[in-house]
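Taking it in order: structure first as structure tokens, then the write-up.
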Amino acid sequence: DPDYAYLFNGISILNFVAPGHTDHPGTPLQVFMAVLLKLMHPLENVSAILRDVLQDPEKHLIAASNVILIIVATAVFAAGAYVHRVTGEVAPALMVQLPPLVFVVLIHSLPRVTPEPLLLAISMVFAMLLAALVWSRRSPEPAGYARALGLVSGLGMATKLTFLPVLAVPVFVYRAWIDRKRFLKFVLIGFVVATLPMLAEYRGLVRWIFNLFMGAGIYGYGPRTIIDVHTYTTNLWRIVLDQPLYLLMVSAATAILLIGLWKSRRDRDGADSTALRVLAGLVVMHLAMIAMVAKHYQNARYLAATLGLAGFTVALAYTLAARWWGASRWFKPVCLSVMAGAVLVLAVPAWKTLSALERGGAERKAWLAAVDETVRAGFSQCARVDQDSATKEFAIFFGLQWSRKPTTTELVRDRYFEGKMLFTYQDSPYPGDRLFLTMQGQAIPLEQIKQQAPCVILRGPDSLKVL
């Protein structure tokens with residue numbers, strides 16, 4: 001979850017069928033999967049491609065992961081190189097490239113086929129556009145700049161709607177409403193073009209967004225009170241505890257912004273006005289993202305879009321401070337030492353956490369292999385109820401469940417599910433409410449499953465229970 005959903009939605013798009021997973025909406029990643037699958041099998045039709053994917057889905061996901069890693073690495077390198085060129089300094093360039101090195105959630109997402117790595121790459125492109133405005137000696141041509149900024153923002157929104165707070169930055173960059181309207185027009189164009197395969201599903205997307213906004217619980221469940229105050233404040237505190245380095249970066253940028261606004265109170269159009277407007281937009285963006293994510297906070301991956309811009313935010317704050325105090329001999333050594341110390345103190349524990357996660361993943365794979373062998377050796381007659389990607393069969397079921405399942409459903413059913421006592425279940429957001437399903441997605445009572453076999457194995461990614 002959700003890698004297989006993107007894999008099978010890619011096959012749906014190859015079939016010229018609208019994707020079934022449109023919540024994010026995530027369409028650019030689905031289109032990317034469709035293009036990659038075709039490039040991997042240029043002479044095969046869709047049915048043949050599907051057979052190859054079913055034979056070895058992990059091979060195709062690994063290929064997608066490798067290409068995404070190349071895209072992200074190129075974007076991070078390009079952002080650092082461009083900032084170095086326009087500023088003439090190494091420090092801001094390195095700061096822009098910090099996010100994928102210091103934020104565990106970004107590092108952990110890089111090998112996955114999920115929207116977060118693409119959001120990181122898009123954030124780097126967005127940072128380059130802001131760098132051109134703030135540091136380039138030649139001012140960008142207004143219409144072309146609005147077009148580029150808007151199209152990149154539209155692509156970010158299509159990749160994941162959590163990119164929304166990033167749109168606050170251009171609102172601060174542009175003073176005239178006509179310029180803001182031009183930017184928003186290209187955001188809309190970029191979004192529509194990037195989501196063309198799911199055009200027929202816009203109504204469902206709007207309904208999903210409305211429910212997310214109104215529901216106080218996760219995924220729009222719970223009372224229609226927009227937020228639950230206790231849950232919201234608890235989630236805010238969780239974000240503070242989960243992301244101390246991010247909060248430190250945002251706090252430092254906020255302090256520099258307030259100092260800059262005080263310095264420029266008599267000269268609103270001074271030399272620092274553009275940089276201060278951009279910094280104001282970035283600070284508002286970060287605060288808006290935290291406020292938005294705290295509503296339904298599960299983990300820090302929902303912060304990915306603004307985490308990717310945290311390095312640029314610090315770089316901009318640093319260059320502003322250098323203009324004011326850079327003449328002092330102590331400024332750069334002290335400033336850079338403090339930054340390096342903060343990164344080491346706060347990021348090293350994060351890297352240790354990541355290392356523990358990697359070890360845990362390896363141990364989990366070994367445990368799953370041992371469970372497979374145990375089930376095959378001693379429980380081959382049992383019905384299996386798999387959940388949460390415990391097996392490849394469930395992962396394929398999950399991917400099909402979140403795709404359109406066009407004319408290929410029968411092929412998949414014959415390949416994996418026909419004649420096998422395989423089932424799954426879903427846990428409802430409401431405690432104690434569990435729904436059992438056949439691998440064709442039909443509800444079935446647990447008692448009926450028990451009647452079909454001498455025993456039932458309930459299996460999750462970290463548990464095994466014989467009923």
Self-check item: Candidate list S12, P25, P197, test side-chain contact (heavy atoms from CB on, under 4.5 Å), partner P19, passing option
Solution: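 In the set S12, P25, P197, the residue that makes a side-chain contact (heavy atoms from CB on, under 4.5 Å) with P19 is P197.
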Quiz item: Is there a side-chain contact between L98 and L94, using heavy atoms and a 4.5 Å cut-off?
Solution: no
Exercise. Check whether any side-chain heavy atom of N235 lies under 4.5 Å from a side-chain heavy atom of K295, and answer yes or no.
Key: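 N235 does not reach K295 side chain to side chain.
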Self-check item: Whether over 12 other heavy atoms sit under 6.0 Å from Y202 OH
Solution: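 Atom OH in Y202 is packed in, count exceeds 12.
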Quiz item: So does L39 have more than 12 non-hydrogen atoms from other groups sitting under 6.0 Å from CG?
Solution: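 Yes, the 6.0 Å shell around CG holds more than 12 heavy atoms from other groups.
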Quiz item: Going by atom types only, do T313 and H286 share a side-chain donor-acceptor pair under 3.5 Å?
Solution: yes
Quiz item: Do Y297 and T234 have a side chain donor and acceptor closer than 3.5 Å?
Solution: no
Quiz item: Does D23 offer a backbone N or O that forms a donor-acceptor pair with the side chain of W208 under 3.5 Å?
Solution: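 Judged by distance alone, yes, a pair lies under 3.5 Å.
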Quiz item: Does R180 use its side chain to pair, donor to acceptor, with the backbone of Y174 at less than 3.5 Å?
Solution: yes
Approximate separation, where rounding is to 0.5 Å, of [X] [atom1] and [Y] [atom2]:
X    : Y    : atom1 : atom2 : result
D56  : R51  : CG    : CZ    : 15.5 Å
L36  : N66  : CG    : CG    : 9.5 Å
L129 : Y82  : CG    : OH    : 8.5 Å
R301 : T114 : CZ    : OG1   : 8.0 Å
L106 : L119 : CG    : CG    : 9.5 Å
L188 : L184 : CG    : CG    : 9.0 Å

Quiz item: When the aromatic ring centroids of F8 and H21 are compared, is their separation below 6.0 Å?
Solution: no
Exercise. Evaluate the side-chain contact (heavy atoms from CB on, under 4.5 Å) criterion for residues F163 and S123: first the C-alpha distance (whole Å), next the side-chain angles of each, then the deciding distance (0.1 Å), finally the verdict.
Key: CA-CA 9 Å; F163 198 83; S123 295; 4.3 Å; yes
Practice problem: Could you tell me whether K160 and E116 have a side-chain N and a carboxylate O separated by less than 4.0 Å? | Solution: yes
